[in-house]
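Worksheet: the structure to be examined is printed underneath.
Since the model is a prediction, treat every value here as computed from it, not as a measurement. Each chain gets a letter, A, B and so on, in the order its sequence line appears, and its residues count up from 1. Just the heavy atoms: all of them, side chains too, but no hydrogens, waters or symmetry mates, feed the values below.
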Amino acid sequence: MSTPTAARPKYVGGAVKRREDPRLLLGRGRYVADIALAGTVHMAVVRSPHAHARITGIDASRALATPGVLTVLTWPDISAEVGPIPCIDAYPDSLPALQTALADGVVRYVGQPVAVLVATTEYGAEDALALVDVTYELLTPVVTMDDALAGETLLHPELGTNVVTTIAQDVGDVDAAFAAADRVYEETFEIHRYAPMPMETRGVVAEVDPISERLTLTTSTQFPHLVRGFLSGCLGIPESRIRVVAPDVGGGFGAKCEFYCEELLAPLLALRLRRPVRWIEDRREHLVASTHAREQRHTVRVAVLEDGTVTAVDARSWTSSGAAYSTLTTTPASISSAMLRGPYRIPHYRARAHCVLTNKTPLAVYRGAGHPQAVLVMERMMDVIAADLGRDRVALRLQNSLTPAELPSDRGTAIVLAGPVVYDTGDYGFCLTRAAEMIGLDEDWPAQQAAARAEGRYLGIGLANLVEETSIGPYESSVVRVDGSGAVTVLTGSSPHGQGHVTTFSQLVADELEIDIERITVLYGDTDVVTDGVGTFASRSAAIGGAAARKAAGVVKDKAMAVAAHVLEIDVADLEWRDGAAHVRGLPARSLSLGELAQASTAWNAPLPGGMSFNLEGTYQHQAAGIAFSNATHAAKLAVDVQTGEVEILDYVVVHDCGTVINPTIVEGQVHGGVAQGIGGTFMEDLPYDADGRPLARTLQDYTTPTASDMPWIRTDHMESPTPLNPYGMKGAGEGGATGAPGALVNALQDALSVFGVHLTVDGPWTPDRVLDLVPEDLPWA
Amino acid sequence: MTQTTPRQPAPALHVVQVTVNGEPRDAAVPARTLLSDFLRDTLGLTGTHVGCGHGTCGACTVLLDGVAVRSCLLFAVQTDGCSITTIEGISPDGTLTPVQQAFQDNHGMQCGFCTPGFVCSLTALLAEDPAPTDQRLTETLDGHLCRCTGYQNIVKAARQAAGREALS
């Protein structure tokens, strides 16, 4: 019998303040642009000014004649040495459209690297860009989806088509369901192009260590371990000779979940020049050289019975994938097609999702990847159906939502790299009901709208339900070690870019070992320090990386108990772990602390029994048992000024469920940030191209993102449905905010302007001029 | 990728004498050296971050004679004789100031890249007006872009630092 003691307060579930903040607040962060190595030279990239053109000549003589310019490289100078930029989510029958690090004779988007130069100063390198003379023969640009599908101009003529991947999802008997349907609805939705736009642009510093002759690439990335593998493959250098470091990373949201040309070019130049090579992307470059996101067209047919049961969806989508594969090219289309039905039963489902080449910047993942588009499409359809059937939109959604009793539910679809879609846990109806109640969507709402309209105010409420893939594997690694002072070091393969890993991973390990959080140091982001890892994306770090860290701490604890049994010469069953120490049962004063046990297992002790390894250290690789699905309902209430077209978001509610919460403050912060990005995409952010394929947003004055006064006060409510797929019940929380917002906001705008007969099938950006176009001109006050 | 005329092999250098975070500093730099680059590259004060380079995002904000300015929009030579405070000098002793503490207390930051700019601007505002109106607080925050937080917790931090009641 153990002696009852006061329960030690748990860190997990608590609003622990972030441990990483003081350093960053004092200006002591270390981002890639902050690294100054002696002898550094500066790389600059000559980029294509044309959307589609054949390179007829490159003359670098003026640049090379300029003092300070060390070298200029074009594709023929490097083609024998470097492989193409890898794509890791191609389907077996995807047609090859890989990008080369420098244009191989044809440029296919504005911003594509054509040549690269190095100079002794950063300003000098930028000056020299204008001295590299490139001549082009213009080709017809493929700008719109219609251009691409028409196929008159092909980006890669050898492929015979611009449609390079088609993903199929087939569930049930769709044709029979449509034959039996009472009503069939068909709509086409357009989702526009916008981008993650982290506040820190990308950047790299590459150097060759003169002693080991190993290459070190410091890069602003979400997955340094994967970059190590990509770089090894592209350069033909063994991974053992490459170290990749992700220092402080100033946001990513998917834009840094890529392997980019510059991450290959700088190491190549460092190897050739034997000097550190630095390149920091400027914002004008970022807008064309870092991946874009979102742009899709969806055509959906929906089969519905008179009682409101949605029986089937037949969906086609086209993703404007840009000029070449990115590292993660098909993932948005794959997720959209696998997840379109959201929380709704819909037993019969067919999707064909096409990735289409266009002369634009490559498109890849951005917070939610393909989820936000799918949610917008499905949630708009639920409102369309409810309006047509004269049904309450909450009731119609509830009627079609899977109930907790129906879970787990194999949805019959699959997501590339992640696997089959089997919803695990959640109470979708609860989140919906609670969100509708919090936002004030009840039987009184139409009367409120009418009263406001009488005063010239157009109010709308919009809902969006979401179920999203989180916590994908395949695995994450962790090492936990203890020194003789009892200090604990946690290594994690998941490298953060603002998510607060130091705090949440400390919480998990502190609880496992029952120690104070201050004793814990969390290390990450350096492939020499943490030799194995995957990264931070797909709402996976806390759940998968966190589980690995806590499991590794458990390994340490078990070993500490074994060491204690050996030192105390008693059976391990007579010991119990409490407050960071092994205690003899019944003799609570007789104990050995973590630090003492670490001392007892160092090299200056006799060998431990049974061939147990020296030192208190535990390693664990946590493999995901399957995808964990988080869910939420977003509810937005807004007011449209029909004289100016301005939209004011009056209230915003998110009721969400990400399983067991480690730190509610951090989870809320993730929700807020995601919603802000959804608001930006719906009302402000846009990457338009002109008819010649030239991007029109080239600064943050053109690409406008929300500021503080654009934001509503977001109200959140949580529920926790732990997943059995994770040893601690944790799911992901990083992306849901961005996933739900566009659908809820567009539905709210529709609700506000329905009286004008508008029928919204475009996701945005609903800038004031576009909103004003929805308002009849003969409105007395318009 | 700024288009410029070919530079002279050895550009003329100009001595800039400034007081940075209370210490006299001087260096000879080309006339076109931006203040942000001067602080970061010449003086090694990398806490000032450059997010856009065209005066929109506010990450590079520093205090010039007590006034919040975008260091990417000034040449270093323009600040000759001035006193500059960067994020490294906001706290005199390495402990968090009330503005900095408010950011930690309210989770007003995630990746931390934009944070120095917010801290500098709020510090300047509160030095000039210890009890700012909501309007002034909002105007100050609107001069900065953050991509992580959705601003709600930054607003909370700003209100705490300004001694305003918390919003719920």
Non-hydrogen atoms of chain A under 4.5 Å away: do they reach the side chain of [X], the backbone, both or neither?
X       : answer
L167(B) : both
T149(B) : backbone
L34(B)  : both
L145(B) : both
T48(B)  : neither

For this session: Please assess L700(A) against H54(B) for the test side-chain contact (heavy atoms from CB on, under 4.5 Å), listing each intermediate value before the final yes or no.
Result: CA-CA 8 Å; L700(A) 291 184; H54(B) 43 255; 3.7 Å; yes
Would you mind reporting whether [Y] and [X] have side-chain heavy atoms less than 4.5 Å apart?
X       : Y       : result
L141(B) : L122(B) : yes
I35(A)  : T218(A) : yes
W279(A) : E285(A) : yes

Problem set entry | When V119(B), I87(B), I154(B) are compared by non-hydrogen pairs under 4.5 Å with chain A, the top option |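 Sorted descending by pairs with chain A, the first entry is I87(B).
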For this session: Go through G94(B), C57(B), G53(B) and name the one with the most non-hydrogen pairs under 4.5 angstrom from chain A.
Result: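 Looking at each option in turn, the highest pair count goes to G94(B).
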So what's closer than 4.5 Å to chain B heavy atoms on [X]: side chain, backbone, both or neither?
X       : answer
P496(A) : neither
I666(A) : both
V249(A) : backbone
R28(A)  : side chain
M711(A) : side chain
A128(A) : neither

Which one, [options], leads in non-hydrogen pairs under 4.5 Å with chain B?
options                            : answer
R283(A), E122(A), Q499(A)          : R283(A)
Q670(A), R30(A), H497(A), M197(A)  : M197(A)
A708(A), P706(A), G674(A), A676(A) : A708(A)

Check whether the side chains of [X] and [Y] place a donor and an acceptor atom closer than 3.5 Å, and report yes or no.
X       : Y       : answer
T86(B)  : E88(B)  : yes
T40(A)  : R278(A) : no
T504(A) : N663(A) : no
T138(B) : S709(A) : no
Y123(A) : H42(A)  : no
T201(A) : D282(A) : no
S220(A) : E200(A) : yes

Exercise. Could you name the residues of residues 98-113 of chain B that have a heavy atom within less than 4.5 Å of a heavy atom in chain A?
Worked result: Q100(B), Q101(B), F103(B), Q104(B), D105(B), H107(B), M109(B), Q110(B), C111(B), G112(B), F113(B)
For this session: Quick one: pull up SG in C114(B) and CG in L24(A) and give me the separation to the nearest 0.5 Å.
Result: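 These two atoms lie 10.5 Å from each other.
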For this session: Look at E281(A) together with R47(A) and state whether they make a salt bridge at an N to O cut-off of under 4.0 Å.
Result: no
Problem set entry | Note: R147(B)-E685(A) ion pair, threshold 4.0 Å (strictly below) | yes
